[in-house]
Amino acid sequence: MDAFLVDVVRTGRGKGRPGGALSKHRPVELLAWLIEALRERWGPLDADDLVVGCVGQVGDQGSNLARLAALWAGEDQLPGQTLNRFCASGLDAIVAAATRVAAGEGAVLAGGVEMPSRVPMFADRGAWFDDADVARRTRFMHMGASADLLAHDHQIDRDALEAWALRSQQRAAEASFASIVDVDGFASEETIRPETTRETLAQLPTTYGELLKREVARVGDVEPRHTRGTSPALADGAAVALIANEATCRARGWTPRAQLDGFGSVGVDPVRMLHGNPAAIRKALKRAGKTIGAMHAVEINESFAVVPVLAQRELDLDDEILNAWGGAIALGHPLGATGVILTATLLERLETQGKTQGAVSICGGAGLATAVIWTR
């Protein structure tokens, strides 16, 4: 595919609550700072558009945030588009940008942002969860309850979930992320809990039991298994990538970091909504003409611990291939930004290891998932 990632920059992830490291800044400011960081590295961007993934498009994240960020950054020519594909929004912003440059546009910025410290989850009061008739007709289930249902269906016990969570914390604590740019003195990851042990995880109460009780008539008795320690940390964060086609890269003297080889999005059972990653990855691999065995690194969002545990089993992924630098359980999940952040992490992993092939995938609410295949 004639679509190349020239560069990607991001903020660190701050705690997604008032008082978190990024909470005093507006989402539009984070995006604008990152656009300015790319401009400092590459000179005038002369991009055709800015596509931004964002889930809670209300309040500070409303009013076509992409256009506002373009204006704030002094890129008045960018019309700006904000899209919502739930947790996959940032990754789909990259796909949207890539398809457009492959179709002839020279360069498109692709980003994502989410700040639950300023716009809490469900603040948009969407019909999916806030309208009883819509929720019934579309088979709404809370994401945490869906995670417990998946663990029940696939016989993944709490011990296995906590083993993954501990792995995520330990690996994140050891990782170093060069894609982070300084934002008002903050250039790190605030949500990691390096003091985590199996004992402290085992002491945490389960989180989604009451939600499961409401679902007994539909899914039967399901034992709650996920806790706060095996769920993704809410985080503030933003990321922006510069995507261009080959002709533009040559004309502007840009040396890209990776080529987008294939992508795929799927819809799955909305009740077991967190199980789309394997299917999305297989679809993207088929389009790219590659196999899972050729991947040197895979990043799958740790939506809940059951997600990577199940994906590792179904895709037969080696432990050093999947999420080798930790994931959202430790590092946080700024919903609309996570897909771009995971792309940055994947490229850093490949560059550090001197490897070439990788995949990124994220599942999302109501039963969907997107995956992208990259060649460094």
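Side-chain contacts under 4.5 Å among hydrophobic residues (ILVMFWY), followed directly or transitively, place Leu347 together with Met1, Leu5, Val8, Val51, Leu83, Leu91, Ile94, Val95, Val101, Val108, Ile243, Leu260, Phe263, Val340, Leu342, Leu346, Leu350, Val360, Ile362, Val372, Trp374. In the hydrophobic clustering, Val268 connects to Val266, either directly or through intervening members, whenever side-chain heavy atoms lie under 4.5 Å apart. Residue Leu331 is found in a hydrophobic cluster whose other members, listed by chain and number, are Phe177, Ile180, Ile192, Trp325; membership requires side-chain heavy atoms under 4.5 Å apart, directly or through intermediates.
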Report, one line per pair, each donor and acceptor closer than 3.5 Å where one atom sits in a side chain of residues 31-38; sequence neighbours left out.
none

For residues 40-47, run the donor-acceptor check on the side chains, cut-off 3.5 Å, and write out each pair with its distance to 0.1 Å, sequence neighbours left out.
unit_1 : atom_1 : unit_2 : atom_2 : d
Arg41  : NH1    : Asp7   : OD1    : 3.4
Arg41  : NH1    : Asp7   : OD2    : 2.8
Trp42  : NE1    : Asp7   : OD2    : 3.0

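Note on residues 278-292: pairs passing side-chain hydrogen bond (donor to acceptor under 3.5 Å, both in side chains), not counting sequence neighbours, are Lys290-Gln357.
Of the charged side-chain nitrogens involved, none lies within less than 4.0 Å of a carboxylate oxygen, so that Arg257 and Glu348 do not count as a salt-bridged pair.
Judged as a ring pair (Phe, Tyr, Trp, His ring centres under 6.0 Å), and not counting sequence neighbours, the contacts of Phe140 are Trp128. Not counting sequence neighbours, the partners of Glu114 by the side chain to side chain donor-acceptor pair (under 3.5 Å) test are Gln61. Looking at residues two or more places apart in sequence or on another chain, you find no ring pair (Phe, Tyr, Trp, His ring centres under 6.0 Å) involving His333. Listed by chain and residue number, nothing satisfies the ring pair (Phe, Tyr, Trp, His ring centres under 6.0 Å) test with His152 (two or more places apart in sequence, or in another chain). Here Ser231 pairs with Tyr208, His226, Phe304 under the side-chain contact (heavy atoms from CB on, under 4.5 Å) rule; sequence neighbours left out. With sequence neighbours excluded, no residue forms a ring pair (Phe, Tyr, Trp, His ring centres under 6.0 Å) with Trp72.
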